[in-house]
Structure formats: C-alpha cells, structure tokens
Amino acid sequence: GDSVTQTEGLVTLTEGLPVMLNCTYQTIYSNPFLFWYVQHLNESPRLLLKSFTDNKRTEHQGFHATLHKSSSSFHLQKSSAQLSDSALYYCALSDRTQVVGQLTFGRGTRLQVYA
Amino acid sequence: EAAVTQSPRSKVAVTGGKVTLSCHQTNNHDYMYWYRQDTGHGLRLIHYSYVADSTEKGDIPDGYKASRPSQENFSLILELASLSQTAVYFCASSSGTGGTNTEVFFGKGTRLTVV
C-alpha cells in the first residue's frame, strides 16, 4: 500500500532561519496528490499546501513545496521561520481522485521555533 | 468556512464499555471520515462514508463501527472499548469532487481515554 515518510520527528529552529521539512512517499499510482497539513496546538489539522503537478512549485502563507515524482518527494520549505510557525506538520498522499479524503499521512514533524 | 463539529470533545471510558463519538457537518459535503491520531503514527483512516446509510472501511477498521444516518451526521462506535483505543479521534468532511478542489476539513477532535 501507500506510505509517506517524514524522517524528522522534531525540528527546532531559531526565528529567522530557513525551514525544510522532509517528505518522501511510495505509491504505485502514477498520479498521486500530495498535501501538507498543519496542526497548531489544540487545534484541528488544516490544509497548508497541495500539489498534483510534477516539478511545479506551490506556495501558500510563505511556505512552498515542489512535487518531484522522479525522487518521490514533496519537501516543505520556508525562507525564514517565525514563532507562529511552531506546529505539527503532516505530509499526506492520496491516490484516489474520487475519494479525496482517503489520505495516507506521514507520522508528522513537530516544528519548534525559538526566539 | 466549512464546519465540522464533534461531540464529546473528551471522554473517559471503561474497558469493555461501549463508546459513541458523534460528528455533524454543515458543509453539505458528501464524504465524511473518521481518523485517529496517535503520537508517532500520525493520522490513520478508520472508516469513511460517501452517502447516507452506507459506510466503508478505511485502513484500520478493526474494533470500530461507523454509522451515517444522514448526510450531516457520522458516528464512530466502539462496541467494546480497549486500552489500545486511547487516542484523539478526528472527524472530517470533503466534497465528492476530486482533482484540484481537493480539501478535507477536520473537526476539533475528541480525546478518548480508555481506562
């Protein structure tokens, strides 16, 4: 079945430094949909980014990611971390275009930004 | 914005007891989902439904039942609660269309503790 790997469980950064959270995936489906969800403390997960197109950069709220099918990757990046970016970030995969919420999530990466 | 409401927000249940978690959405979405969240495992799909009076198994359905009596309501039922079912449960909804309109809206979660 599908799988999503997020290698870092915890990333700690000083405010102003760049952010990179890793995400790789495995699926037999040739056209996967990749997502980043963010969950702030005591809140529900919400969609941050999504991509369906190979080698096309997608951006939202200062974050960006590019789906690379050649390396099965969808890393999340931001040029300068802010204190408010501290949250749990999930990479997720869908290979079922009709059941959009049937997602396979990674284990999540907690980002902690310090002043 | 889409609204998914879960009740109760937290619950303590006794091992072997029956637990029902409820979810109500006002988005007019066809699809509803139940996910569980565990540290180190991320979010995993338990059951989903795309129409009233019908439910489908997700990735980890064992020990859970689901009920969709109407488009707006979706319940998760633990007939015999076990310690291993201690987790945070999220209900979610999405439209039935795939492709670029893909977005899943999550509720605020129910923290279930089985003792």
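Here is the naming used below: chain letters follow the sequence lines, and residue numbers restart at 1 for every chain.
For residues 32-80 of chain A, the set of pairs meeting the disulfide (SG to SG under 2.5 Å) definition, not counting sequence neighbours, is empty.
Enclosure of atom CG in L10(A) by more than 12 non-hydrogen atoms of other residues, nucleotides or ligands within 6.0 angstrom is indicated.
Here R36(B) pairs with D38(B) in a salt bridge; the nearest charged N to carboxylate O distance falls below 4.0 Å.
Contact of Q37(B) with chain A is made through the side chain alone, with heavy-atom distances under 4.5 Å. With a threshold of 4.5 angstrom between heavy atoms, Q39(A) approaches chain B through side-chain atoms but not through N, CA, C or O. Heavy atoms of Y50(B) lying under 4.5 Å from chain A are absent altogether.
Proximity to chain B among residues 105-114 of chain A is limited to F105(A), G106(A), R107(A), judged by heavy-atom separations below 4.5 angstrom. Among residues 106-115 of chain B, the residues having any heavy atom closer than 4.5 Å to a heavy atom of chain A are, in sequence order, F106(B), G107(B), K108(B). Identified by a heavy-atom distance below 4.5 Å to chain B, contributing residues of residues 70-80 of chain A are lacking entirely.
Formation of a donor-acceptor pair under 3.5 Å by the Q25(B) side chain with backbone atoms of N28(B) is found in this model. With hydrogens and angles ignored, the 3.5 Å screen pairs no side-chain donor or acceptor of E59(A) with any backbone N or O of L49(A). The backbone N or O of G63(B) sits less than 3.5 Å from a side-chain atom of Q85(B), completing a donor-acceptor pair. A donor-acceptor distance shorter than 3.5 angstrom exists from the side chain of Y35(B) to the backbone of L103(A), with no hydrogens or angles considered. Side-chain atoms of N22(A) never come within 3.5 Å of backbone atoms of Q6(A) as a donor-acceptor pair (strictly under, hydrogens ignored). With hydrogens and angles ignored, the 3.5 Å screen pairs no side-chain donor or acceptor of N73(B) with any backbone N or O of S70(B). Remark: the backbone N or O of H68(A) is not paired with any side-chain donor or acceptor of N55(A) at under 3.5 angstrom. A donor-acceptor pair is defined here as one N or O able to donate and one able to accept, closer than 3.5 Å; no such pair exists between the side chain of S54(B) and the backbone of V51(B). For T27(A) (side chain) and Y29(A) (main-chain N/O), a donor-acceptor pair under 3.5 Å exists by modelled atom type.
Across T58(A) and S51(A), no two heavy atoms sit closer than the pair CG2-CB, 4.2 Å.
When each of F52(A), F33(A), Y25(A) is paired with L67(A), the side-chain contact (heavy atoms from CB on, under 4.5 Å) condition holds for Y25(A) and for no other.
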